[in-house]
Amino acid sequence: MVTVDDFASPVRPTWCTGCGNFAIWNAVKRALAQVGLAPHQVMIVGGIGCGSKLPDYTRANGYMTLHGRTVPVATGIRLANHGLRVICTHGDGDAYAEGLGHMLHAARRNIGLVDIIQDNRIYGLTKGQYSPTSDRGRVTKTSPWGAFELPVNPIALALAAGATFVARSWSGDLNHLTETIVRALGHRGYALVDIFQPCVTFNRQNSYDYYRPRVYKLQDDPTYDVTDKMAAFARALEWGDRIPIGVFYQVEDRPAYEEQVPALRAGPLAPRPLEKLRPEQIRRLLEELV
Amino acid sequence: MVTVDDFASPVRPTWCTGCGNFAIWNAVKRALAQVGLAPHQVMIVGGIGCGSKLPDYTRANGYMTLHGRTVPVATGIRLANHGLRVICTHGDGDAYAEGLGHMLHAARRNIGLVDIIQDNRIYGLTKGQYSPTSDRGRVTKTSPWGAFELPVNPIALALAAGATFVARSWSGDLNHLTETIVRALGHRGYALVDIFQPCVTFNRQNSYDYYRPRVYKLQDDPTYDVTDKMAAFARALEWGDRIPIGVFYQVEDRPAYEEQVPALRAGPLAPRPLEKLRPEQIRRLLEELV
Amino acid sequence: MFSPLDDLTIRIGGEAGMGLESSGVGFSQALVRGGLHVFGFADYHSRIRGGHNFFTVRLARRPLYSHTEPVHLLLALDQETVRRHIGAVVPGGAVVYDEKDGLPEVPRRPDVQYFSIPLSKLAEEAGGSAIMRNTLVFAVAAGLISFDPAYIESVARDNFARKGPAVVDANLRVIAAGVKASRPFQDDFPFRMEAVPGAPRRLLLNGNQAFAMGALAGGCRFVSGYPMTPGSPVLEWMAAHAEEYGVVTLQVEDEIAALCMAIGAGYAGVRAMAPTSGGGFSLMVEALGLAGMTEVPVVVYEAQRPGPSTGLATRTEQGDLLFVLHASQGEFPRIILAPGTVEQAFEAGWRAFNFAERYQTPVIVLSDHYLATSVRDVAPEDLNFDAVVIDRGELLTEAELDSLEGEYKRHRFTESGVSPRAIPGHPKAVYASSSDEHDEYGHIEEDAENRRRMHAKRMRKLETARAEMRPPTVYGPEDAELTFIAWGSTYGPLREAVDRLSEQGVRARMLHFADIWPVPQGVESLLTGETIAVEGNYSGQFADLLRMATGHTVSRRILKWDGRPISPEYILRNTEYAIRTP
Amino acid sequence: MFSPLDDLTIRIGGEAGMGLESSGVGFSQALVRGGLHVFGFADYHSRIRGGHNFFTVRLARRPLYSHTEPVHLLLALDQETVRRHIGAVVPGGAVVYDEKDGLPEVPRRPDVQYFSIPLSKLAEEAGGSAIMRNTLVFAVAAGLISFDPAYIESVARDNFARKGPAVVDANLRVIAAGVKASRPFQDDFPFRMEAVPGAPRRLLLNGNQAFAMGALAGGCRFVSGYPMTPGSPVLEWMAAHAEEYGVVTLQVEDEIAALCMAIGAGYAGVRAMAPTSGGGFSLMVEALGLAGMTEVPVVVYEAQRPGPSTGLATRTEQGDLLFVLHASQGEFPRIILAPGTVEQAFEAGWRAFNFAERYQTPVIVLSDHYLATSVRDVAPEDLNFDAVVIDRGELLTEAELDSLEGEYKRHRFTESGVSPRAIPGHPKAVYASSSDEHDEYGHIEEDAENRRRMHAKRMRKLETARAEMRPPTVYGPEDAELTFIAWGSTYGPLREAVDRLSEQGVRARMLHFADIWPVPQGVESLLTGETIAVEGNYSGQFADLLRMATGHTVSRRILKWDGRPISPEYILRNTEYAIRTP
Ligand SMILES: Cc1ncc(C[n+]2csc(CCOP(=O)(O)OP(=O)(O)O)c2C)c(N)n1
Ligand SMILES: Cc1ncc(C[n+]2csc(CCOP(=O)(O)OP(=O)(O)O)c2C)c(N)n1
Ligand code: SF4
Ligand code: SF4
Ligand SMILES: [Mg+2]
Ligand SMILES: [Mg+2]
């Protein structure tokens with residue numbers, strides 16, 4: 001049986017005390033243990049940022065890549081070996097600034113990734129510039145007059161891009177976080193899990209106390225239908241005093257990308273022995289050239 | 001008075017006979033004449049692709065930039081000189097593959113651009129690979145088994161990103177095209193105009209005959225409210241036998257980016273004389289260092 | 001000069017959209033089936049319609065490595081073709097033009113013959129459509145040079161089989177009509193090149209195809225790309241063969257994603273590559289460093305075209321060498337191959353993947369439009385599938401993994417710089433590498449001494465690799481007075497130039513580099529006498545690189561940057577100049 | 001060795017998050033107000049909490065250009081600091097540590113004194129909070145070296161004014177407590193550096209600030225960037241001054257957009273730049289070529305850090321030189337400046353924009369973490385605002401535009417390669433440039449002859465520019481037996497190393513290059529005798545570049561790639577070695 005301890009790494013997190021990343025880290029390990037995926041059966045891919053260092057603190061296959069390129073690297077891993085469950089953990093800058101295009105293309109591709117965004121609505125590692133999810137008017141070193149941009153709405157964008165699983169959770173509720181990740185791990189295609197992650201050092205506004213009274217659980221409403229896209233859009237636009245968390249949308253109306261690729265019908269690619277072409281394969285190739 | 005002929009360039013288009021780009025080209029010139037913008041008062045920015053060559057065929061300030069980077073270059077131009085009306089003309093590959101992130105950030109920034117997409121749902125200039133707006137199942141040289149990806153829905157994405165003007169038109173209706181561009185030119189912030197542009201050479205599926213029976217005009221429905229975002233989302237998802245064209249959404253609920261930048265309060269930047277710092281400015285700068 | 005009986009060039013010209021390239025390749029195929037050697041290349045604009053395009057095929061009874069400038073037979077599908085190319089026609093040569101087009105108002109050359117044939121009309125009558133005049137005019141050409149049209153028919157049969165017998169028959173009728181139309185002029189046309197019946201079967205292909213085939217043979221199983229001339233046909237070729245050979249191919253959103261995905265696949269243990277051109281490579285630069293830092297094997301195929309920026313999208317240049325050599329921040333080992341022929345392109349295909357896995361680092365194969373798109377015939381054994389080796393380097397086997405003790409060190413310090421690699425998925429080798437500097441396990445580590453050692457470990461791989469880089473091909477006498485230096489696609493034109501110089505009694509030789517970086521050992525000893533770099537760029541980048549790497553300063557540089565390939569004649573003209581001027 | 005009475009180094013060490021850098025800079029400021037010269041630099045991890053960080057300030061009675069290795073006074077805010085740095089303390093030096101932390105279990109050095117002071121406790125008592133012990137310990141240091149604490153008080157007053165009088169008072173109390181706490185140890189501590197009352201006012205700043213200020217003075221009015229250590233503080237500095245000086249600054253979605261926007265602004269006629277580090281520069285590569293091709297003036301500020309890839313985000317290296325020199329497909333002129341001091345960084349700020357507009361091409365200013373973040377004092381006149389020139393090159397005036405005849409040729413063929421430029425918006429100069437090869441008007445043009453001329457026209461600008469690149473700074477005797485070669489931030493450490501060699505009777509000099517590319521004319525004549533390149537990278541990139549550009553092979557290379565700055569001592573140690581070994 002897989003346990004949370006199987007994921008214990010000798011490296012201790014360098015996150016600030018109270019950082020919302022601790023809960024995410026614990027939830028990921030718990031969720032993996034719960035669904036019974038051992039460290040060698042998963043691959044956790046990070047980008048660059050505070051949260052993106054999660055693979056360094058977790059005993060599991062991992063890869064810490066480039067700022068903003070988490071998703072394409074993970075896509076390559078998944079297609080090369082869909083025997084591995086591939087999980088992305090990266091920040092809001094990584095995912096929604098530098099990486100926004102990749103995420104939306106991953107969504108429409110429906111590649112089998114669990115894409116966890118450590119959304120602290122700030123740039124942590126580079127010390128506090130505003131991020132794509134920072135509020136309008138947010139004052140930082142690069143926005144001394146307050147940010148002019150409308151924040152990115154990742155839920156709405158993922159829906160618009162055709163994501164088949166779109167969810168939100170937050171670091172203040174470890175159980176909800178774990179559950180949501182477990183649900184995402186059970187999804188076949190691309191699964192977005194945006195997580196409100198308080199940054200206690202550079203984002204004092206969006207603190208635990210900010211979120212606690214605001215978040216409410218979609219799944220507490222028994223009439224909420226996760227297959228209704230327009231309902232999901234309506235909730236995606238809800239913001240302010242009440243902010244929904246949970247699974248906004250989940251359908252299995254089209255197969256995962258890797259399920260459609262002809263070369264992958266025979267199973268994962270990486271473990272296959274790599275051999276020279278057979279004589280009749282060579283013959284057929286040369287036949288094309290005469 | 002500005003006339004269409006003012007935009008006549010000595011260079012003749014190299015587009016195929018029947019290409020939907022001709023109508024777009026004519027509509028842009030007509031719209032400019034109609035709103036009274038002379039060639040030196042506008043800047044038309046293209047990327048790379050068949051349609052992106054439009055500035056070469058038009059006597060107006062122009063810039064043919066990089067594949068996928070049309071919008072950021074245009075943004076820089078607009079911020080450097082918002083005395084110029086800046087128009088982007090680029091293909092679906094340019095805008096929605098390589099450039100998707102930029103477009104969505106431009107939308108949430110609400111930068112004052114008219115962003116015209118020559119959406120032929122194919123890669124024209126590189127000879128017929130499938131594009132982000134190609135249908136699922138589309139067979140091309142790079143998708144011999146039929147494309148697996150859900151097509152990009154630019155209308156839904158722009159709405160989700162917070163665009164303040166979102167419209168669609170098509171090359172088969174020059175008047176509607178012109179009108180739509182005129183409306184976009186009247187908008188303050190970011191205005192997306194996605195245009196179905198038949199490519200007679202590489203996309204025989206999405207031809208004039210394909211679109212003609214399908215498109216219907218949103219503005220023909222007097223109850224349609226362009227300020228209702230949920231209504232716009234609902235129409236954005238409409239696809240198949242009936243495809244809406246026209247303005248899906250238009251609000252002026254927040255100022256254009258350039259209207260908010262403190263340095264631009266005094267007017268456009270480019271025409272200002274460039275002078276050395278004044279002694280008291282230097283003094284203040286040095287004061288910070290003692 | 002070679003006797004035209006051995007060596008003949010036919011050029012067809014017209015507008016974009018006329019399909020000159022595909023019919024030209026079909027004709028070349030027929031020539032090869034007829035036992036001749038060919039070299040064919042297309043010249044076309046970066047647009048879908050309009051603009052002057054042409055296809056040139058050179059044919060001979062001996063192997064060819066290059067095009068040459070003189071044209072013996074010009075097939076003009078419009079007046080523009082005559083206007084532009086009449087100057088290239090040799091005395092005694094001929095122009096075939098469509099009666100309906102007429103000739104342009106330029107002075108007629110008295111030493112050239114003009115054959116008026118109602119090409120469109122005949123094509124329409126015989127085949128039902130004027131657009132078949134390409135086929136017809138090639139049949140005319142066959143008639144004029146006395147080449148057996150049966151070979152053209154056989155190609156037409158194969159190419160149109162899918163479209164049904166009616167289309168095949170129409171083509172056969174058009175070919176017959178063309179041959180017939182050539183009869184009245186046959187006696188006036190002095191150049192002949194009859195088929196060689198029963199000659200051994202040869203293959204016709206271009207550099208892109210050769211490279212792709214080599215890569216497939218070398219175990220490439222993942223290709224991610226974004227369309228870009230002239231590199232992306234490699235993606236298309238792989239896509240066409242993906243299902244049969246078990247290759248994952250994807251067209252993705254941009255080149256950043258393309259290389260990142262290939263790196264992901266390489267990290268997961270699959271031989272992966274991303275084909276592109278210089279503009280796409282520019283977007284891959286950051287990811288290249290990721291592969292260098294995390295020691296991931298990956299191959300980038302970069303087919304150059306003239307820059308900077310969009311430049312001339314459908315033309316050729318060798319302008320990206322120093323760029324790909326230094327691309328990405330910081331320093332890391334990389335290997336660069338620049339094949340000069342289709343045979344070398346095939347080899348580069350599989351060698352690249354071996355280098356990538358042996359040194360766990362990115363490998364760049366530098367091609368260009370000329371090599372990528374020119375067709376040449378080779379013997380089946382020249383695409384040497386037997387020589388293909390799949391060497392995965394220090395890859396831990398399942399048994400070795402099973403018996404691992406302690407925590408696995410993915411980036412273990414070793415003398416060679418290469419650390420034994422485990423493909424992720426084994427319970428005993430669970431690890432996470434980082435693009436940050438890391439320790440032997442892959443964990444982020446900022447310690448100065450670790451950095452010093454880890455960086456040096458990576459860089460050492462370059463010295464290890466240097467030992468197995470192939471020295472340049474030396475073509476010509478040991479005691480040459482002139483040593484020409486080339487890399488990549490200039491092989492063919494330079495080889496021919498050297499041949500001609502020898503015939504003129506000049507002792508010249510070629511040093512051709514296909515293994516570029518790390519610069520092979522012992523090169524210095526070859527750089528003797530008068531050295532002349534021949535390159536398709538403005539500044540002489542390889543000469544600069546040689547100077548940087550060896551200290552040798554070439555005596556002269558013959559350069560070309562107009563987007564058109566270097567010809568043997570261009571080299572000779574500039575050599576004369578170089579010899580004459582001090 | 002210098003007498004410690006003139007030259008003293010104080011180091012404070014502790015954990016990330018303790019605010020060592022900002023309090024260290026504040027202390028440096030106080031020293032400068034007290035008439036001393038300082039050089040300060042921070043060493044910290046790429047994480048927000050934890051990890052050993054330290055700040056080092058060297059102080060002297062004469063101008064300083066570099067840090068040095070020996071430490072006279074170590075202020076230890078944790079045991080780790082003692083463990084790591086005790087070896088650097090000079091005999092007779094001292095360690096101040098917090099009583100509550102105690103000392104680590106490492107052998108005590110008999111030649112070093114250990115001063116135990118209840119830092120936290122005193123800070124809490126005097127100021128109300130233990131986190132004020134940074135301030136306190138610097139007051140202790142002032143007391144120990146007999147530096148008048150009034151200067152620390154004055155800095156505290158200014159820095160905390162915004163936070164109200166209560167905070168100011170608390171700080172003043174803490175300072176007083178620190179000075180008092182130092183008393184018992186003052187006699188035991190042998191090193192003194194009293195303030196120089198009435199010394200002329202000097203400024204304290206780092207390379208990022210100096211460059212940003214120079215750029216602002218030079219007319220930069222548009223800055224688009226994406227956060228990246230250590231380049232993005234330039235964006236932040238500009239943002240802080242944007243409103244007052246009329247500068248548009250934006251944080252954008254990525255570095256691709258950052259440079260594209262700056263290019264757009266440059267095209268529209270505004271002096272624009274994009275600051276970044278190597279990783280961000282990697283993403284700017286394609287756009288750089290766009291600027292080259294379409295002849296748009298734009299400046300990129302690239303502050304290097306150790307690579308490849310993410311590397312060591314908060315450390316220093318000079319590893320990107322050959323990368324930025326060759327970045328982007330194809331060939332185009334670019335200009336590269338690599339300032340070595342804050343004075344040169346200031347100059348590079350305005351000169352870069354003049355070069356960009358005079359040659360209508362991208363200019364890259366190469367800095368690195370060491371230069372960008374180290375603070376040094378300079379005289380107000382060293383930031384020479386009077387020397388600033390704003391030269392927009394061949395920019396058509398309104399009057400010239402009004403009198404234009406015929407269609408305006410944006411890319412006119414000229415001898416210098418520079419074509420008179422019109423800012424878009426004038427009715428007589430309506431044009432569209434293209435990243436495709438184009439004719440003089442900017443229209444897409446594939447003609448071979450046009451290409452040949454247009455490409456050569458662009459490339460000619462490099463030769464025109466070469467004439468005005470500054471030769472290297474020569475520091476030291478003409479007849480030196482050793483010529484050290486440096487570029488960029490190595491200026492300071494090398495200058496000091498050369499000074500020390502002279503004192504030892506070795507005739508050594510420094511050639512320091514701040515204008516890197518095109519390589520200034522006449523450099524060859526300076527490359528005489530034994531030449532030693534000193535660089536913060538693995539391979540000696542500038543030495544390679546020199547060899548490529550001039551043919552000169554340096555005799556030796558002193559290199560360092562552990563992410564830590566080169567010190568004078570490092571150079572001297574390696575020089576001895578270099579002199580000793582054949
Ligand atoms: C190409 C590139 N640009 C910029 C950076 C610098 N950088 C490192 S982390 C980061 C942002 C961090 O923000 P986020 O992704 O939200 O992660 P967080 O630290 O908040 O968890 C940036 C800009 C980089 N490493 N690479
Ligand atoms: C970075 C980069 N990648 C690829 C290309 C090659 N390229 C030129 S046009 C084009 C796609 C054209 O498609 P689209 O944008 O839809 O324009 P269309 O030709 O259909 O109008 C591509 C991939 C390029 N010029 N630059
Ligand atoms: S800076 Fe913010 S996100 Fe980063 S570790 Fe600290 S609390 Fe967490
Ligand atoms: S290929 Fe298609 S998009 Fe391009 S010019 Fe022709 S019809 Fe138009
Ligand atoms: Mg963040
Ligand atoms: Mg298109």
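All chains are named by letter (A, B, ...) in the order of the sequence lines, taking the proteins before the strands, and each is independently numbered beginning at 1.
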Engineer: Is Phe202(A) close to Ile48(D) at the side-chain level, that is, under 4.5 Å between some pair of heavy atoms?
Structural biologist: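 Yes. Closest side-chain heavy atoms under 4.5 Å.
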Engineer: Consider side-chain contact (heavy atoms from CB on, under 4.5 Å). Of Thr14(A), Thr17(A), Thr201(A), which one does Arg49(D) pass it with?
Structural biologist: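 By the side-chain contact (heavy atoms from CB on, under 4.5 Å) criterion, Arg49(D) pairs with just one of Thr14(A), Thr17(A), Thr201(A): Thr201(A).
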Engineer: Counting only non-hydrogen atoms closer than 4.5 Å, does Leu125(A) touch chain D with its backbone (N, CA, C, O), its side chain (CB onward), both, or neither?
Structural biologist: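 When you check distances to chain D, atoms from both the backbone and side chain of Leu125(A) fall under 4.5 Å.
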Engineer: So does Lys100(D) have more than 12 non-hydrogen atoms from other groups sitting under 6.0 Å from NZ?
Structural biologist: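 Yes - once you tally the heavy atoms of other residues, nucleotides and ligands closer than 6.0 Å, there are more than 12.
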Engineer: I'd like to know whether Tyr226(D) forms a side-chain contact (heavy atoms from CB on, under 4.5 Å) with His67(A), so could you lay out the CA-CA distance, the side-chain angles of the two residues, the decisive distance to 0.1 Å, and finally the verdict.
Structural biologist: CA-CA 11 Å; Tyr226(D) 189 79; His67(A) 185 61; 2.6 Å; yes
Engineer: With respect to chain D, which residue among Pro13(A), Cys16(A), Gly68(A), Ser131(A) yields the maximal number of heavy-atom pairs within a distance under 4.5 Å?
Structural biologist: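 The candidate making the most pairs under 4.5 Å is Cys16(A).
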Engineer: Relative to chain A, which segment of Thr314(D) carries a heavy atom at a distance below 4.5 Å: side chain, backbone, both, or neither?
Structural biologist: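 Contact with chain A involves no heavy atom of Thr314(D) at all.
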Engineer: Look up atom CE in Met64(A) and atom OG1 in Thr310(D), then write down how far apart they are to the nearest 0.5 Å.
Structural biologist: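 Answer rounded to 0.5 Å: 10.0 Å.
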Engineer: Do Thr126(A) and Ser232(D) have side chains that get closer than 4.5 Å, going by heavy atoms?
Structural biologist: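 Of all side-chain heavy-atom pairs linking Ser232(D) with Thr126(A), none is under 4.5 Å.
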Engineer: Heavy-atom distances under 4.5 Å only: say whether Thr65(A) touches chain D with side chain, backbone, both or neither.
Structural biologist: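 Backbone only.
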Engineer: With a 4.5 angstrom heavy-atom cut-off, which part of Pro132(A) approaches chain D: side chain, backbone, both or neither?
Structural biologist: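 No part of it gets close to chain D.
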Engineer: With rounding to the nearest 0.5 angstrom, report the CE to CD distance, Met228(D) to Gln129(A).
Structural biologist: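 If I round to the nearest 0.5 Å, the distance is 12.0 Å.
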Engineer: Atom CD1 in Ile48(A), atom OG in Ser46(D): separation rounded to 0.5 Å?
Structural biologist: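 Interatomic distance, Ile48(A) CD1 to Ser46(D) OG, rounded to 0.5 Å: 8.0 Å.
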Engineer: Could you pull out the closest heavy-atom pair between Ala239(D) and Pro144(A), with the gap in Å?
Structural biologist: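 Closest heavy-atom pair between Ala239(D) and Pro144(A): O-CG, 3.5 Å.
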Engineer: With no hydrogens and no angle check, is any side-chain donor or acceptor of Gln251(D) less than 3.5 Å from a backbone partner on Ser143(A)?
Structural biologist: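 No.
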Engineer: Which bit of Leu283(D) is near chain A, if near means a heavy-atom gap under 4.5 Å: side chain, backbone, both or neither?
Structural biologist: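 Side chain only.
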Engineer: Where on Cys50(A) is there a heavy atom nearer than 4.5 Å to chain D: the side chain, the backbone, both, or neither?
Structural biologist: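 The side chain, not the backbone.
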Engineer: What pair of heavy atoms forms the shortest contact from Ala242(D) to Trp145(A), and how long is it?
Structural biologist: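 Shortest heavy-atom contact: CB-CZ3, 3.6 Å.
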